[in-house]
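What follows is a set of notes on a single structure, which appears directly below.
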Amino acid sequence: MNRNDLCYNHPFVTSTVSSHSGSPNIPASLEKLRLDGYLSSKNIAHASNDFGNIYHHMPSAVLYPKSVSDISSTIKHIFDMGSTSDLTVAARGHAHSLQGQAQAHQGVVINMESLKQEMYFHKGEFPYVDVSGGELWINILHESLKHGLAPKSWTDYLYLTVGGTLSNAGVSGQAFRHGPQINNVYRLEVVTGRGELITCSESQNADLFYGVLGGLGQFGIITRARISLEPAPLMVKWIRVLYSDFSTFTKDQEHLISSEDTFDYIEGLVIKNRTGLLNNWRSSFNPKDPVQASQFNSDGKTLFCLEIVKYFDPEETAKKIDRLLSDLSYIQSTLFLSEVSYAEFLDRVHTSELKLREKGLWDVHHPWLNLQIPKSRIHEFAEIVFGKFLTDSSTGPILIYPVNKSKWNNKTSMVTPDEEIFYLVAFLSSAIPYSTGKDGLGHILNQNKRIVDFCETALLGVKQYVPHYTTQEEWQTHFGPQWDVFVRRKSQYDPFAILAPGQRIFQKAR
Ligand code: FAD
């Protein structure tokens, strides 16, 4: 089965998915624009792929900008053509989208990583760093550590760009305390769908600022961002403990996120019917007792793994960890503890990426599903989905951890469930190429659909994270009461629907 068979044959993948045969429709006037970088229509097939490796939309050209004005003049030019042109523009960060969100069918893809801008560090009471919208978080980590500083809120994986994660939310085990990455930004520079470069913050052009944060790339392209920093720890204690009872597990997770005197990172994993607990793509965890860990056998049961981290302070960490752990009710024999540098911990998924790349298992199909589930319905969800739908967790990690809604700024475009505590649940599956079995793309997509259908039918009040819908009605339901503001902002900042067509929220009118 080739890539296009997969695109067309599965019911999830709509007929709008095109093959790699797009015809160039770039107007000559665009090619004549004076740019510091360049526009190319050759060797651009990479821009029709992403990490999901399921959707493939061929653009007509890729812009490799060297300056912000390359981006603004390109968009302004397309804007000025108005409804006489159907050209769209997609910013492409690190293309770690899952369903073509950073692609533009026969449009222009902007390769944001080409926009090199120096990082500017400000120290003092409220330290921050100014970075390019196309900067990778891994580079920000390494540069800020040189100043003894680091961003407060992260994603689990750092080979993602600032513009890409700020267009969603950017969540990881620090979000319970600091909120998502979109809560830790002081200022943005944005090129709107009219081609205007606008600086925005809480106090300046606030409507655009909040619209762009979590705005799925709909209102503007982030060219620069001011990210809040904190003093960086040097080392971390990284701990995993296991539970066999879901209620005890979630009770402990909720207890931990409700206090200020707690761990610095709190996540969790579902493990079903598998041996070799550490034998997955988050296996960079290096326990004190590797033999015990590798011999661990879940014996057909569903287990829940609490993953917690304490930033290391040699003076008091050991005593404090003992005290914090003494409040928890995990299976006592399953305490796995590791000590690594802060940078090594934050870059943990990359370690696994390198191992998977070696085996040719990184560039496969990734039918991921990310959900946000209200606390009041998480037990029902777990009973049906983990208890009945899932037979094992061998296609990839399943993350589960609670966060506090009060830490999320509700003025941004990001939508969350309507409860103070909600759970992030991520099914991070990899499909084995050509498999028609349980680890094949078709089976995993069907399983995802079953989960989504169940959430809808049972009216669980679930919201997707890194959402993917194919009709405007579904988007309207996703945004709920925020839909009207979203539509108003679109007509204000990108009236011809030029930007981020791969999200399939609005269609460019001709
Ligand atoms: P892209 O895929 O390039 O773009 C995503 C969307 O943002 C597109 O619509 C694009 O047009 C738009 N966009 C890109 N750049 C800009 C810009 N400068 N201005 C405006 N719009 C822009 N998410 C989490 O929150 N937490 C995690 O722990 C996490 N881990 C992940 C691990 C892996 C291995 C992968 C593949 C994804 C993970 N994600 C996680 C999801 C990830 O945050 C999003 O998919 C994100 O969009 C990827 O960033 P990117 O730079 O690759 O964006």
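Remember, it's 1-based here, ligands and their atoms both numbered in the order they're listed. Residue numbers run from 1 in the order of the sequence given. Worth knowing before you read on, the calculation uses all heavy atoms, side chains too, and leaves out hydrogens, waters and symmetry mates.
Residue-environment remark: NZ (K411) stays at or below the threshold of 12 foreign heavy atoms within 6.0 Å.
Annotation: salt bridge (charged side-chain N to carboxylate O under 4.0 Å, His left out) contacts of E113 (sequence neighbours excluded): none.
In terms of polar-atom proximity, defined here as any N/O pair under 3.5 Å, L98 makes no such contact with ligand 1. Backbone and side-chain nitrogen or oxygen atoms of A91 are examined, and one is located within less than 3.5 angstrom of a nitrogen or oxygen of ligand 1. At least one N/O-N/O distance between A95 and ligand 1 falls below 3.5 Å. Taking distance alone, with nitrogen or oxygen atoms compared against 3.5 Å, D156 approaches ligand 1 more closely than that limit. Below 3.5 Å of separation, one finds an N or O of T161 facing an N or O of ligand 1. The shortest N or O to N or O distance between F51 and ligand 1 is not below 3.5 Å. Checking only distances, H96 does come within under 3.5 Å of ligand 1, N or O to N or O.
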Test Y157 against H96 for ring pair (Phe, Tyr, Trp, His ring centres under 6.0 Å), laying out the working first. CA-CA 10 Å; Y157 176 65; H96 274 49; 5.5 Å; yes
What do the steps show when you test I71 against L115 for side chain to side chain contact (heavy atoms under 4.5 Å, CB included), and what is the final call? CA-CA 9 Å; I71 297 176; L115 183 68; 4.0 Å; yes
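Listed by atom number, the atoms of ligand 1 under 4.0 Å from Y465 heavy atoms are 23 (N), 24 (C), 25 (O). Those atoms of ligand 1 with a heavy atom of I221 less than 4.0 angstrom away are 19 (N), 20 (C). In summary, the atoms of ligand 1 found under 4.0 Å from a heavy atom of Y157, numbered by their order in the structure, are 32 (C), 33 (C), 34 (C). For ligand 1, the atoms lying closer than 4.0 Å to a non-hydrogen atom of M112 are 18 (N).
Of all the heavy atoms of Y159, none lies under 4.0 Å from any atom of ligand 1, so neither backbone nor side chain is involved.
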